[in-house]
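Remarks on the structure that follows.
Naming convention: chains lettered A, B, ... in sequence-line order (proteins, then strands); numbering from 1 in each chain.
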Amino acid sequence: MSRISATFQRLRSQGRKALIPFITAGDPDAAATVPLMHALVAGGADIIELGVPFSDPMADGPTIQRASERALRQGMSLRKVLALVAEFRGRDADTPVVLMGYANPVEAMGQEQFVQQASTAGADGVLVVDYPPEECADFAARLRAAGMDPIFLLAPTSTDARMAQVAEIGSGYIYYVSLRGVTGAGHLDLGEVVARIPAIRERVGMPVGVGFGIRDADSARRIGTVADAVVIGSRIIEEIESSPRDELAQRVGAFIRGIRAALDERPMAGGAPS
Amino acid sequence: MGKPDLPCSLPDARGHFGPYGGVFVAETLIPALEELRLAYEACREDAQFQAEFSYELAHYVGRPSPIYHARRWSGHLGGAQIYLKREDLNHTGAHKINNCIGQALLARRMCKPRVIAETGAGQHGVATATVAARYGMECVVYMGSEDIKRQAANVYRMKLLGAAVVPVESGSRTLKDALNEAMRDWVTNIGNTFYIIGTVAGPHPYPVMVRDFQSVIGEECVRQVPEMVGRQPDVVIACVGGGSNAMGIFHAYLGMPEVRLVGVEAAGLGLDTGRHAASLLAGRPGVLHGNRTYLLQDDDGQIIETHSISAGLDYPGVGPEHAWLKDSGRAEYVAITDDEALQAFHALCRFEGIIPALESSHALAHAAKLAPTLPRERVLLVNLSGRGDKDMHTVAEKSGIRF
């Protein structure tokens with residue numbers, strides 16, 4: 001069983017929801033990333049989504065684009081991201097790491113090489129934002145063959161046919177994009193999310209994480225009543241942007257602890273996937 | 001082994017030209033592209049839509065555009081005869097309007113009252129603002145703040161036409177960043193918004209749709225050139241940024257192997273300087289803006305900044321069908337430097353009384369190189385994709401003149 005599936009199984013047995021923070025590797029600089037990852041885990045993160053910076057992050061809003069630009073200015077690259085994952089693994093053998101980014105750096109390295117090196121580094125899942133299922137069946141198969149989970153996005157507008165497609169080649173969990181728009185946008189429609197999640201979970205047969213638009217303990221707690229995981233990205237990047245360099249890990253850790261507490265205080269009834 | 005794909009039968013049902021093209025976008029855009037694909041496929045087969053499109057091209061754009069024999073310039077060069085397809089005579093002064101009309105009519109069919117566009121130099125923005133005014137649609141144009149500074153006149157033209165011009169401050173603040181921002185608007189406002197992409201790039205169905213709307217250029221040529229010279233041209237030459245004017249003139253000739261097709265990229269300060277925009281000649285295949293194609297990128301797969309004197313060619317990618325035509329050998333691609341393009345610009349002004357766009361000047365410059373190597377009875381057909389009024393500023397500055 002993959003580290004991701006094991007994590008969800010353990011949480012399920014505890015009646016808890018997964019907390020998945022996102023940070024961009026190399027933001028604000030390469031040396032900050034691994035300490036931030038450890039701080040996130042100490043603060044209660046169950047899985048870490050690690051952004052691979054790209055020059056043209058079309059699906060992201062301005063906050064994550066700024067993080068990408070800071071990281072690239074500091075010379076971050078896909079190879080260096082993989083080295084950071086390996087470094088993190090040196091001290092944490094349990095917390096799953098999902099690489100999240102865009103297709104072109106993967107294509108530039110070569111899919112086969114990327115899969116091999118990501119696996120060696122200790123990555124557990126890969127979400128390539130601009131690889132929809134119909135364009136990456138081979139890539140997803142390669143990831144699975146190497147013991148990694150191909151993670152896919154679903155949106156409020158995704159049809160049943162697409163859910164079936166994602167269920168077929170994806171594994172680990174589904175990242176449900178909770179609003180129409182880009183990362184960091186403000187208009188989360190909680191009612192729609194709550195209404196849609198159970199049906200989606202049933203169709204895909206995987207845990208469902210919800211992201212895009214979750215900004216505080218309250219929205220996290222409410223999403224947590226139906227979803228299996230809560231993904232928080234832009235809000236953490238803002239925390240990184242506003243923290244003095246020497247207090248980064250401490251501030252981000254404190255922020256994530258607040259979310260963790262909110263997620264855990266929820267009554268334990270319902271919502272667990274079958 | 002199966003029969004190789006005929007270049008004129010592509011793309012496949014999911015928008016692939018061989019290994020290129022496709023739909024490389026986030027899940028949030030998939031339903032919008034699917035809705036667009038279905039709507040476009042219906043219109044493609046709909047005689048009424050096609051009749052409406054043809055009517056607008058004839059009465060609003062002024063088609064067919066003529067072909068002109070550049071006799072004095074050809075004589076001066078001393079070789080093959082150069083003929084110009086006069087897309088510069090279209091309403092708004094370039095080929096861009098053909099596609100904008102097509103997409104605006106489609107938007108109207110899809111009941112989308114709001115259109116958005118990205119623009120670099122402002123030509124596609126102006127064409128989009130023009131059709132939005134013509135059909136009474138709300139129009140928002142995204143433009144890099146660097147480009148806004150460089151293209152004040154076009155920004156004002158768009159505003160005159162009723163469009164809102166939104167400055168983009170991210171990335172390099174140029175065309176590709178404007179494109180990213182337009183995509184973000186689209187994903188947020190999918191219900192009421194149609195995204196008019198200006199070139200044969202982007203996710204399927206854009207490359208095939210824009211090509212189809214522009215292919216009127218080549219279809220006219222296939223009729224017009226024989227009327228003038230008794231046969232089809234020997235060589236068809238067009239500049240390639242994203243590649244819409246080139247696909248427009250090439251497409252009707254794909255099935256005529258005796259007609260050479262030459263695409264001309266921007267070599268900027270020179271291919272060996274790294275300061276150019278020649279994706280096909282100096283790039284590698286990758287994925288950007290929804291399709292797999294040749295891209296200018298670094299070893300890590302990050303997109304690099306490009307340079308060309310011509311803003312319309314200043315783009316790090318190229319339409320996927322050009323990538324396929326290059327690999328298959330059906331078309332050949334060359335590059336022309338800023339200086340060579342400027343020389344051709346001045347030559348056309350002086351010999352023919354035509355001020356060409358700097359984009360088109362790249363195609364002209366290649367014709368000027370090729371003509372003297374060929375006998376007088378050979379026919380070169382150059383797509384004069386736009387007029388050069390918009391480039392006065394750039395050219396004057398190069399000559400040390402400021403207005």
Side-chain angles (χ1 to χ4, degrees), chain A residues 52-62 65-66 68-69 72 75-81 101-110 114 127-136 152-159 161-163 165-166 174-177 179-185 187 212, chain B residues 13-16 19 21-35 168-172 175-191 193 202-204 283-293 295-305 316-317:
Chain A
V52 180
F54 181 50
S55 51
D56 294 77
M58 285 197 314
D60 287 299
Q65 171 151 21
R66 280 198 305 273
S68 257
E69 287 171 2
L72 290 174
M76 190 44 54
S77 67
L78 179 51
R79 279 189 174 76
K80 290 180 186 167
V81 174
Y102 290 80
N104 204 52
V106 172
E107 302 236 328
M109 180 181 278
F114 167 76
L127 197 174
V128 179
V129 175
D130 49 353
Y131 269 166
E134 60 269 49
E135 296 287 2
C136 75
F152 287 95
L153 298 169
L154 283 175
T157 41
S158 299
T159 59
R162 285 200 73 70
M163 289 188 213
Q165 221 173 356
V166 161
I174 287 298
Y175 187 150
Y176 182 72
V177 176
L179 49 82
R180 294 182 177 82
V182 294
T183 53
H187 39 280
F212 281 40
Chain B
R14 293 211 314 251
H16 296 106
V23 182
F24 291 89
V25 298
E27 179 63 25
T28 41
L29 270 178
I30 294 280
L33 288 166
E34 193 59 11
E35 182 191 9
V168 176
E169 302 288 352
S170 56
S172 55
L175 176 60
K176 75 179 177 67
D177 309 289
L179 209 152
N180 292 336
E181 209 56 42
M183 284 273 187
R184 290 170 181 151
D185 178 315
W186 197 33
V187 87
T188 312
N189 301 295
I190 273 168
T193 299
H204 182 62
R284 297 193 316 278
V287 170
L288 180 70
H289 294 152
N291 63 128
R292 184 178 276 129
T293 187
L295 301 173
L296 291 169
Q297 53 181 313
D298 67 15
D299 289 341
D300 186 42
Q302 308 297 337
I303 306 307
I304 55 183
E305 284 180 32

Drop me the distance from A:Asn104's CG to B:His289's NE2, to the nearest 0.5 angstrom. 10.5 Å

Give, for atom CZ of B:Arg284 and atom CD of A:Glu107, the distance between the pair rounded to the nearest 0.5 Å. 11.0 Å

Contact part of B:Val23 toward chain A, heavy-atom cut-off under 4.5 Å: side chain, backbone, both or neither? both

Proximal component of B:Ile30, with respect to chain A [non-hydrogen, under 4.5 Å]: side chain

Pairs of heavy atoms under 4.5 Å with chain B: top-ranked of A:Gln65, A:Lys80, A:Glu134: A:Gln65

What's the verdict on salt bridge (Lys or Arg N to Asp or Glu O under 4.0 Å) for B:Asp300 and A:Arg79, showing C-alpha distance, side-chain angles and the deciding distance? CA-CA 8 Å; B:Asp300 186 42; A:Arg79 279 189 174 76; 5.3 Å; no

A:Glu69, part contacting chain B, at a heavy-atom distance under 4.5 Å: side chain

Do you know which of B:Asp298, B:Leu29, B:Val25 has the most heavy-atom pairs under 4.5 Å to chain A? B:Val25

Considering only heavy atoms, which portion of B:His16 lies under 4.5 Å from any heavy atom of chain A: side chain, backbone, both, or neither? side chain

Please state whether the side chain, the backbone, both or neither of A:Pro53 comes within less than 4.5 Å of a heavy atom of chain B. backbone

Working to the nearest 0.5 Å, report the span between SG of A:Cys136 and CZ of A:Phe152. 3.5 Å

Hey, does the side chain of A:Tyr102 reach the backbone of B:Val287 with a donor-acceptor pair shorter than 3.5 angstrom? no

Honestly, the part of B:Gln302 sitting under 4.5 Å from a heavy atom of chain A is both

Can you tell me which portion of B:Leu295 sits under 4.5 Å from chain A's heavy atoms? Options are side chain, backbone, both or neither. side chain

Go through the atoms of A:Arg162 and report whether side chain, backbone, both or neither lie under 4.5 Å from a heavy atom of chain B. side chain

Counting N and O atoms only, with roles assigned by atom type, does the side chain of B:Thr188 sit under 3.5 Å from a partner on the main chain of B:Arg184, one being a donor and the other an acceptor? yes

The reported gap from CG in B:Leu288 to CG in B:Asn180 (rounded to nearest 0.5 angstrom) is 7.5 Å

